[in-house]
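To start, the structure itself, in structure tokens.
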Amino acid sequence: MADRPCPCGLPETYEACCGRFHAGTAAAPTAERLMRSRYCAFVRLDAGYLLRTWHPRTRPERVDLDPGTRWTGLEILETAGGSAFHSTGTVTFRASYRGGSLHERSRFERVDGAWVYLDGEFLS
């Protein structure tokens, strides 16, 4: 399991990829990497990470994750901004799960230098 690619779709292992963000030993350097790490947190049922990386202005009190949902893949469709040189960014993606998929355009902002999820718009 330790040598399997990260669920976010990048070829690195979980520990070398999103695991370090989840553990707090590194911060996602771009909005896309934060998006990937948040998808991975859904796969791993890590509600704490989702809340920590949610913008304080839009963060819910809690996140209820369904352990019955089987996430099967993430496809990044488009990114705009979100690099080390930006303060905002968007990531359009499709996250597949057994029985369907979620298509969203997510907005991200930097808060105290760290990327956080602001909100998202579901797309058809």
Side-chain angles (χ1 to χ4, degrees):
M1 175 102 177
D3 60 347
R4 293 179 65 199
C6 188
C8 82
L10 295 177
E12 302 155 304
T13 64
Y14 167 74
E15 289 77 16
C17 193
C18 294
R20 59 200 176 106
F21 305 141
H22 294 175
T25 59
T30 65
E32 180 184 331
R33 287 301 295 259
L34 180 64
M35 169 55 235
R36 288 179 178 278
S37 70
R38 286 176 57 83
Y39 167 81
C40 190
F42 276 99
V43 171
R44 298 179 62 91
L45 302 174
D46 188 347
Y49 181 77
L50 293 170
L51 290 171
R52 285 192 308 276
T53 58
W54 210 308
H55 197 291
R57 201 169 63 237
T58 57
R59 180 187 309 132
E61 287 288 317
R62 68 175 210 249
V63 176
D64 295 320
L65 300 175
D66 180 357
T69 301
R70 295 291 174 246
W71 296 97
T72 58
L74 175 66
E75 181 183 7
I76 302 297
L77 303 172
E78 182 181 11
T79 62
S83 77
F85 304 105
H86 299 100
S87 58
T88 63
T90 61
V91 179
T92 305
F93 67 92
R94 181 172 291 110
S96 299
Y97 55 89
R98 194 173 297 146
S101 67
L102 170 74
H103 188 194
E104 181 177 313
R105 180 177 300 114
S106 295
R107 294 189 313 152
F108 298 87
E109 285 186 6
R110 283 189 188 267
V111 172
D112 297 328
W115 285 107
V116 292
Y117 171 77
L118 179 63
D119 59 22
E121 170 190 4
F122 293 113
L123 305 171
S124 48

Checklist entry - Any side-chain hydrogen bond (donor to acceptor under 3.5 Å, both in side chains) pairs touching residues 113-124, not counting sequence neighbours? => result Glu104-Tyr117, Arg105-Glu121, Arg107-Asp119
Item to check | Side-chain cluster (under 4.5 Å, hydrophobic types only) that Val111 belongs to, other residues | outcome: Val116
Item to check | Connected hydrophobic set around Leu123, excluding itself, where side chains approach under 4.5 Å | outcome: none
Next on the checklist: Within this structure, what is the CZ-OG distance for the pair Arg110 and Ser87, rounded to the nearest 0.5 Å?
Outcome noted: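 Spacing of CZ (Arg110) from OG (Ser87) equals 8.0 Å.
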Checklist entry - Phe122, Val91: one ILVMFWY side-chain cluster at the under-4.5 Å cut-off? => result yes
Item to check | hydrophobic_cluster_shared for Leu10 and Tyr14, side chain cutoff 4.5 Å | outcome: no
Side-chain donor/acceptor pairs under 3.5 Å, residues 58-68, sequence neighbours excluded:
{"unit_1": "Thr58", "atom_1": "OG1", "unit_2": "Trp54", "atom_2": "NE1", "d": "3.4"}
{"unit_1": "Thr58", "atom_1": "OG1", "unit_2": "Leu118", "atom_2": "O", "d": "2.6"}
{"unit_1": "Arg59", "atom_1": "NE", "unit_2": "Leu51", "atom_2": "O", "d": "2.9"}
{"unit_1": "Arg59", "atom_1": "NE", "unit_2": "Trp54", "atom_2": "O", "d": "3.4"}
{"unit_1": "Arg59", "atom_1": "NH2", "unit_2": "Trp54", "atom_2": "O", "d": "3.0"}
{"unit_1": "Arg62", "atom_1": "NE", "unit_2": "Asp64", "atom_2": "OD1", "d": "2.9"}
{"unit_1": "Arg62", "atom_1": "NE", "unit_2": "Asp64", "atom_2": "OD2", "d": "3.3"}
{"unit_1": "Arg62", "atom_1": "NH2", "unit_2": "Asp64", "atom_2": "OD2", "d": "3.0"}
{"unit_1": "Asp66", "atom_1": "OD1", "unit_2": "Gly68", "atom_2": "N", "d": "2.8"}

Next on the checklist: Is there a side-chain contact between Phe42 and Cys40 in this structure, where contact means two heavy atoms from C-beta onward sitting under 4.5 Å apart?
Outcome noted: no
Restricting to side-chain contact (heavy atoms from CB on, under 4.5 Å), what partner residues turn up for [X], sequence neighbours left out?
{"X": "Ser37", "value": "Cys18, Phe21, His22, Leu34, Tyr49"}
{"X": "Thr88", "value": "Glu109"}
{"X": "Ser101", "value": "Arg94, Ser96"}

For residues 26-33, which side-chain N or O atoms pair as donor and acceptor with protein atoms under 3.5 Å away, sequence neighbours left out?
{"unit_1": "Thr30", "atom_1": "OG1", "unit_2": "Arg33", "atom_2": "N", "d": "3.0"}
{"unit_1": "Glu32", "atom_1": "OE2", "unit_2": "Arg36", "atom_2": "NE", "d": "3.0"}
{"unit_1": "Glu32", "atom_1": "OE2", "unit_2": "Arg36", "atom_2": "NH2", "d": "3.2"}

Checklist entry - Regarding Thr13 and Arg4, is there a side-chain donor-to-acceptor distance under 3.5 Å anywhere? => result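 The answer is no; no qualifying pair exists.
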Item to check | Side-chain (Arg20) to main-chain (Cys17) donor-acceptor, under 3.5 angstrom | outcome: yes
Item to check | Selection residues 72-97 - residue pairs positive for ring-ring contact (aromatic ring centres under 6.0 Å, His included), sequence neighbours left out | outcome: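 Sorted pair list: Trp71-Tyr97.
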Item to check | Trace of the side-chain contact (heavy atoms from CB on, under 4.5 Å) decision for Thr79 with Met35 | outcome: CA-CA 10 Å; Thr79 62; Met35 169 55 235; over 6 Å; no
